[in-house]
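Reading through the structure tokens given below for one structure.
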Amino acid sequence: MRTHLCGALRMKHVAEQVRLGGWVHRRRDLGGIVFVDLRDREGIVQVALGPAWAEPDVIATAHEIGAENVVVVEGTVAERPEKARNPDMATGDIEVQASSFRVVGPADTPAIPVWRTKGEPPPSEEHRLEHRHLDLRRPEMQRNLELRHRLLQRARRSMSDMGFYEIETPILTRPTPEGARDYLVPSRVNPGQFFALPQSPQMYKQVLMACGMDRYFQIARCFRDEDLRADRQPEFTQIDIEASFVSASDVHRTVESVLVDLWEEGGQVIEAPFPTMSHADAMERYGTDKPDLRYGLTIEDLGAELSGRGFAAFDQAIEEGGRIRGIRVEGGAVLSRKQLDVLATEARKAGAGGLATLKRKDDQLSGPLARLDGMAIENCGLDEGGLLLVAAGADQLTSVVLDRVRLGLIDLLQPTPRTDHAFTWIDEFPLFEATKDGTGWQPAHHPFTAPREEDAERLRAGEVAGLRSQHYDVVYNGNELGSGSIRIVDPELQLCVLEAIGMGREEASRRFGFLLRALRSGAPPHGGFALGFDRITMLLAGADNLRDVIAFPKTTAARALFEDTPTAVSQDELRELGIRVLHE
RNA sequence: GGGGUUGUAGCUCAGUUGGUUAGAGUGCCGGUCUGUCACACCGGAAGUCGCGGGUUCAAGUCCCGUCAGCCCCGCCA
């Protein structure tokens, strides 16, 4: 039907007869001659309709054609006149002189424009989602989905080349009451009973290891019925990996290898192996478990310098078992009062009472801390032009506060990054964390994560607090790309973990019986990882939003505007499923 | 569940201290135009100011509620 794609035509095609199909991107009607920019997935080419080569009725069709009609064009590729070339277009040296111009897919006037001038803002997110069939025609979105396609293919090739089998696991699976909220699916054949959509294929992939599959991967769709964020969708895709007879470093090397390939596919060169930082170090120096290591600005303990010097808030924090921590900012004295206020507001939003500052400028100290007992230029610990930002309290609080302050500083000062690609492993995560009500414990990640070997005996002995796990995250420029762990293979140790989180043997066997059974049947040591594929695609696409790399995403209220979903269903359907809806 | 923010023509936006007929650009419709590429020029149509209530002589503008988009907190083993 077609001989070429619009965007593929070049000088070498001059004089060729071609047949093209595409969408009318833009029309410039000069009366005697009409130019139509014809668009397909590959790009845009100018179609010219003039009396020298086109019949009047053909030109008449072009006179009337509106944007986004689908047309099939026949004609000759011609070199453009010297002065009529367009160096901004890949196809700008040529045009197609059409002898035939047929509308094969008539279009209503588009509700949102596909074509935009430079610098024109895109339509609102709401309109873009509502008219996704038009939004996805925009070259930016086509580029994003093309990149996503290439990354998917590359991930498959990398994993397959390393000996991993791609194995699909069920979408209709078993509800898991802990963790995120499940999306439930009623079973008509078993009234009153439900499947859940998988939050991840976690247990299946472990069972596959017990099955002797040795190495598994899957481009897995996962579902979590929780509230959304810019970087969180209710259904998302992860590159899910599991391997047998591996240590944590084996898993790290595998994940690094995939990431190097994906970044290469995205046009970036990165180096592996990545450095490793313990969770405790990350919290101490950056206040977060996903530090952006492109920048310094680390957090320091300032207790020795700043306590007992007449600053009540500091001394009180120490008395209550907290600490005084802060960030020394070289050259930070350039920040204005207003900018410091922005940082102080960030600090207060994170729960701090305030943000204490000390500024050294023109060999004068200023800011609230300048009035501390004995504070002077000689002992202030700041070089000329320096700034000190300080928070006091429990570590849990000051970490969150100083993390926010640090990100705010980076935003305000725009320091030159040390590198464009700061990858790091974070390991030695705690195995358990206290529940919100403080009465019990829950797994810091999931209950299948193995404790560090030296902590396993303490766990068997019933200890819970302070145990460290063999869990690890990979972090890139302040973004968590994924996480994984070495798993528990000893069923008795697995039961200890479940017991620690308040689950008796009976309940454990009811919920996780199939996994425990697989572990008892002879399971190899194994571990794995899961990479957030949407987020990786977003970062490599330079998008600031997951929706821009997903063809049909959900809104922040977990609705699909294009297909208008979710929706009510008929009473008949509900009756068949044995479900009654309560209206409140 | 909570907080912030936005909602005015198909689209992107402006709209002063509450004031009489709600504007612009673009798109759309009609016309002129043979080298444009944000074509140019002339003319025209186009509004439930998200929705509901209230205050007021008078509401796009103020107040209350509500719906929707976005961002954040909680939540996301």
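In what follows, every chain begins at residue 1, and chains take the letters A, B, ... in the order their sequences are listed. These numbers were taken from a predicted model, which means no experiment stands behind them. FYI, side chains are in, hydrogens and waters are out, and symmetry mates aren't considered; it's all heavy atoms of this structure.
Checking C37(B) for Watson-Crick or G-U wobble geometry (two distances, each under 3.5 Å) identifies no partner in any strand. U61(B) is unpaired under the criterion used here, namely a Watson-Crick or G-U wobble arrangement in which both key atom distances are under 3.5 Å. With a cut-off of 3.5 Å on both Watson-Crick or G-U wobble distances, the partner of A68(B) is given as U6(B). Across the strands present, C76(B) finds no partner; the criterion is a Watson-Crick or G-U wobble pair with both atom distances under 3.5 angstrom. Checking G47(B) for Watson-Crick or G-U wobble geometry (two distances, each under 3.5 Å) identifies no partner in any strand. Pairing partner, A14(B): none, since no Watson-Crick or wobble contact has both distances short of 3.5 Å.
Comparing the same atom, C1', in C72(B) and in C29(B) gives a spacing of 45 Å after rounding to whole Å. Taking atom C1' in both C49(B) and U6(B), the straight-line distance is 14 Å, to the nearest Å. The separation of G60(B) from U20(B), taken at their P atoms, amounts to 10 Å, rounded to a whole angstrom. Here the separation of G25(B) from A68(B), taken at their P atoms, is 35 Å to the nearest Å. With both ends at atom C1', the span from A14(B) to U61(B) equals 14 Å, rounded to whole Å. G50(B) and C41(B) have their C1' atoms separated by 38 Å, with the value rounded to a whole Å.
Ionic pairing of Arg547(A) and Asp135(A) is not present here: no N-O contact between side-chain nitrogen and carboxylate oxygen is shorter than 4.0 angstrom. Arg406(A) has no carboxylate O lying under 4.0 Å from a charged side-chain N of Glu346(A), or vice versa, which leaves the two without a salt bridge.
Among the atoms of the strands shown, none is found under 4.0 Å from any heavy atom of Gln199(A). Counting non-hydrogen atoms under 4.0 angstrom, Pro81(A) reaches a base of the nucleic acid.
Closest to the side chain of Leu30(A), out of U36(B), C11(B), C70(B), is U36(B). Distance from the side chain of Gln46(A) is smallest to C37(B) among C70(B), C37(B), C11(B). Distances from the side chain of Thr556(A) to the nucleotides C76(B), C37(B), C70(B) place C70(B) closest. Of the candidates U12(B), G35(B), C70(B), the closest approach to any side-chain atom of Glu125(A) belongs to C70(B).
Checked by distance alone, Arg28(A) brings no side-chain donor or acceptor within 3.5 Å of a matching partner on the base of U34(B). No N or O donor and acceptor, one from the side chain of Glu126(A) and one from the base of G7(B), sit under 3.5 Å apart. Judged by distance alone with a 3.5 Å cut-off, no donor-acceptor contact links the side chain of Arg26(A) to the base of C37(B). Not a single donor-acceptor contact under 3.5 angstrom links the side-chain atoms of Arg116(A) to the base of C11(B). For a distance-only test at 3.5 Å, the side chain of Glu120(A) fails to qualify as a donor-acceptor partner of the base of U26(B). Within 3.5 Å, no donor on the side chain of Arg547(A) pairs with an acceptor on the base of C70(B), nor the reverse.
An OP1 or OP2 oxygen of U12(B) is reached within less than 4.0 angstrom by a side-chain nitrogen or oxygen of His127(A). At C28(B), none of the side-chain N or O atoms of Thr109(A) fall inside 4.0 Å of OP1 or OP2 (strictly under the cut-off). For the OP1/OP2 pair of G69(B) and a distance below 4.0 Å, the side-chain nitrogens and oxygens of Ser124(A) include no atom meeting the criterion. At C73(B), one or more side-chain N or O atoms of Arg229(A) fall inside 4.0 Å of OP1 or OP2 (strictly under the cut-off). The phosphate of C71(B) has OP1 or OP2 within less than 4.0 Å of a side-chain N or O from Asn545(A).
Residue His446(A) holds its NE2 atom at 7.5 Å from NE2 of His471(A), rounded to the nearest 0.5 Å.
When the nearest nucleotides of RNA chain B are assigned to Ala444(A) and Asp37(A) by heavy-atom distance, the more 5′-ward of the two goes with Asp37(A). Mapping Asp231(A) and Ala111(A) onto RNA chain B by nearest heavy atom places Ala111(A) at the nucleotide closer to the 5' end.
At least one side-chain heavy atom of Gln199(A) sits less than 4.5 Å from a side-chain heavy atom of Asp182(A).
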